[in-house]
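To keep things clear, I will list the structure first and then write my remarks on it.
Everything numeric here is computed off the predicted structure, so don't read it as measured data. Remember, it's 1-based here, ligands and their atoms both numbered in the order they're listed.
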Amino acid sequence: AKCCSKAVVFSVPSYACQRRTTLDNHNTILTDALSLLAEKAELSEEDGRGVAFRRAAAVLKCLPQPVTNMMQLRGLPCLGEHSFRVIKDILENGTSSEVESTQQSERYKALKVLTGIFGVGAKTADRWIRAGIHNLRQLQTSGQTLNQAQRAGLQHYDDLNLPVTKAEADAIGEIVEEAVVSVLPDAQITLIGGFRRGKLTGHDVDLLITHPDEGKEVGLMPKVVSWLQSKGFLLYQKTTINSYLESEEGPRRPSSNMDRFERCFSIFKLRHLSREDRGESESGCRLWRAVRVDLVVSPISQFAFALLGWTGSKLFERELRRWAGHEKAMSLGSHALYDNRQSRYLRATSEEEIFAHLGLEYIPPSERNA
Ligand code: DGT
Ligand code: MG
């Protein structure tokens with residue numbers, strides 16, 4: 001930050017993957033507003049607009065102090081006309097009229113409630129709203145056909161919209177560890193997603209599984225899932241085994257055993273850690289809650305890419321791929337990094353090596369909260 005006569009002026013590089021963004025956000029009022037408008041755009045399938053608001057919010061998240069004056073925003077990247085207008089409104093009036101009217105809009109409220117169901121995306125929610133469905137009660141009496149994921153999502157709606165704590169994530173981690181080690185000793189599991197970035201709560205628990213001997217991990221997921229099922233830990237699960245060629249993101253190459261990418265979307269039944277923790281009385285309470293858990297299995301040769309690709313934040317990931325493509329003529333995915341100029345894959349056994357290949361300063365997980 002440089003000083004000028006009027007106010008502190010900030011200097012920020014334009015890609016989020018060039019910046020250190022901790023959870024210590026000094027501009028939550030502004031970033032909450034921009035994130036809500038990003039969400040509104042995403043729910044309306046205006047992805048370009050959504051990314052623009054996400055990028056604007058991310059710039060404000062990394063500032064060392066609160067913005068108090070529009071002059072401080074001069075020279076900052078990623079702030080378009082629309083974001084400027086929202087920020088100005090908040091600085092002058094304490095609130096954004098566009099955010100307020102969005103929050104009051106029936107369509108936005110309905111989209112939020114319906115996409116709050118696990119397995120329901122913007123497209124499905126929009127179709128339902130056009131059929132006059134605005135809330136869960138109307139959905140349940142509508143006669144709409146729900147798939148298995150959506151039925152589970154509706155059944156566990158309240159639990160799945162309750163934040164998952166770090167303690168709960170650790171408890172899930174221990175259960176999965178027991179499952180994994182009992183079907184494949186020496187397999188390793190790592191907590192990824194928001195919890196690896198130091199977040200204290202999340203919407204789900206993300207875990208990455210690998211084994212130090214390449215190939216030993218093949219076919220692991222179905223065995224882990226069977227173990228978990230036999231112990232009654234799963235309320236819902238869907239396992240997919242993507243081949244590399246089928247996956248949309250990242251560089252393409254011929255399929256081989258190394259291209260296997262096993263994934264499980266699940267809902268766990270987790271015993272409450274302690275009733276006092278949750279402020280519940282001794283009587284009349286359920287002893288468990290439902291928790292969304294994503295499991296991913298990676299061969300050790302791709303582990304660093306999977307770790308980097310699944311730690312997030314989502315915007316940080318998007319910006320890493322944009323940096324790779326636009327600045328370095330490389331394609332980055334959760335499996336590999338391809339150098340288009342050299343026409344070859346670049347190997348890496350750690351996240352540090354991947355940042356080095358990309359010509360970026362290493363940013364640790366706790367500073368990827370863009
Ligand atoms: P949360 O769970 O809301 O507290 O926040 P995060 O950051 O854990 O977000 P989450 O769980 O949606 O995703 C974690 C990371 O995993 C995210 O940065 C991007 C990555 N990810 C999620 N879904 C996919 C996917 O389908 N493919 C790939 N390659 N990555 C994904
Ligand atoms: Mg997560």
**Request:** Test side-chain contact (heavy atoms from CB on, under 4.5 Å) on Glu42 and Arg54 and set out the steps.
**Result:** CA-CA 10 Å; Glu42 288 156 3; Arg54 297 266 174 222; 2.8 Å; yes
Check each heavy atom of [X] against ligand 1 and say whether those closer than 4.0 Å belong to the side chain, the backbone, both or neither.
{"X": "Arg263", "answer": "side chain"}
{"X": "Asp204", "answer": "both"}
{"X": "Lys314", "answer": "both"}

Could you pull out, from [options], the option with a heavy atom nearest to [atom]?
{"atom": "atom 7 (O) of ligand 1", "options": "Glu317, His335, Arg368, Arg197", "value": "Arg197"}
{"atom": "atom 14 (C) of ligand 1", "options": "Phe305, Phe265, Trp310, Phe195", "value": "Trp310"}
{"atom": "atom 20 (C) of ligand 1", "options": "Gly333, Ala306, Gly309", "value": "Gly309"}
{"atom": "atom 5 (O) of ligand 1", "options": "Lys199, Arg318, Arg292", "value": "Lys199"}

Can [X] and [Y] be counted as an ion pair, charged N to O under 4.0 angstrom?
{"X": "Arg292", "Y": "Asp159", "result": "no"}
{"X": "Lys40", "Y": "Glu98", "result": "yes"}
{"X": "Arg107", "Y": "Asp126", "result": "yes"}

Interfacing atoms of ligand 1 (cut-off 4.0 Å, heavy-atom, [X]):
{"X": "Ser313", "result": "18 (O)"}
{"X": "Gly194", "result": "6 (P), 7 (O), 8 (O)"}
{"X": "Gly312", "result": "18 (O)"}

Kindly confirm or rule out an N or O of [X] lying under 3.5 angstrom from an N or O of ligand 1.
{"X": "Thr311", "value": "no"}
{"X": "His203", "value": "yes"}
{"X": "Gly202", "value": "no"}

**Asked** Just wondering, are more than 12 heavy atoms of other shown residues or ligands nearer than 6.0 Å to CZ in Arg127?
**Response**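 More than 12 within 6.0 Å, yes.
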**Request:** Give a yes or no on whether the ring-centroid distance for Tyr15 and His326 is below 6.0 angstrom.
**Result:**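 Ring-ring flag for Tyr15/His326: false, centres at least 6.0 Å apart.
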**Prompt:** Which residue pairs satisfy the side chain to side chain donor-acceptor pair (under 3.5 Å) criterion with at least one member in residues 26-35, sequence neighbours excluded?
**Reply:**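 Every pair satisfying side chain to side chain donor-acceptor pair (under 3.5 Å) with a residue in residues 26-35: Asn25-Thr31.
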**Request:** Report the relative orientation of the aromatic rings in Phe233 and Trp227; use parallel for angles under 30°, tilted for 30 to 60°, perpendicular for over 60°.
**Result:**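 Aromatic pair Phe233/Trp227 classed parallel.
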Show every donor-acceptor pair shorter than 3.5 Å between a side-chain atom in residues 111-122 and any protein atom, with sequence neighbours excluded, or say none if there are none.
unit_1: Lys112; atom_1: NZ; unit_2: Glu39; atom_2: OE1; d: 3.4
unit_1: Lys112; atom_1: NZ; unit_2: Glu39; atom_2: OE2; d: 2.9
unit_1: Thr115; atom_1: OG1; unit_2: Leu111; atom_2: O; d: 2.6

**Request:** Assess whether side-chain contact (heavy atoms from CB on, under 4.5 Å) is satisfied between Leu139 and Gln144, documenting all intermediate values.
**Result:** CA-CA 7 Å; Leu139 177 62; Gln144 291 280 338; 4.2 Å; yes
Pairs of donor and acceptor atoms involving the side chains of residues 362-370, under 3.5 Å and at least two apart or interchain, shall be tabulated with distances.
unit_1: Tyr362; atom_1: OH; unit_2: Arg368; atom_2: NH2; d: 3.4
unit_1: Glu367; atom_1: OE1; unit_2: Arg20; atom_2: NH1; d: 2.4
unit_1: Arg368; atom_1: NE; unit_2: Ile363; atom_2: O; d: 2.8
unit_1: Arg368; atom_1: NH1; unit_2: Glu351; atom_2: OE2; d: 2.9
unit_1: Arg368; atom_1: NH2; unit_2: Glu351; atom_2: OE1; d: 3.0
unit_1: Arg368; atom_1: NH2; unit_2: Ile363; atom_2: O; d: 3.0
unit_1: Asn369; atom_1: OD1; unit_2: Arg197; atom_2: NE; d: 2.8
unit_1: Asn369; atom_1: ND2; unit_2: Arg197; atom_2: O; d: 3.3
unit_1: Asn369; atom_1: ND2; unit_2: Ser366; atom_2: O; d: 3.1

**Asked** For the hydrophobic clusters of this structure (ILVMFWY residues joined by side-chain heavy atoms under 4.5 Å, transitively), does one cluster hold both Tyr236 and Val224?
**Response**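 Cluster IDs for Tyr236 and Val224 differ.
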**Item:** Within less than 2.8 Å of the Mg ion (ligand 2): protein N, O or S atom count
**Value:**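 There are 2 of them.
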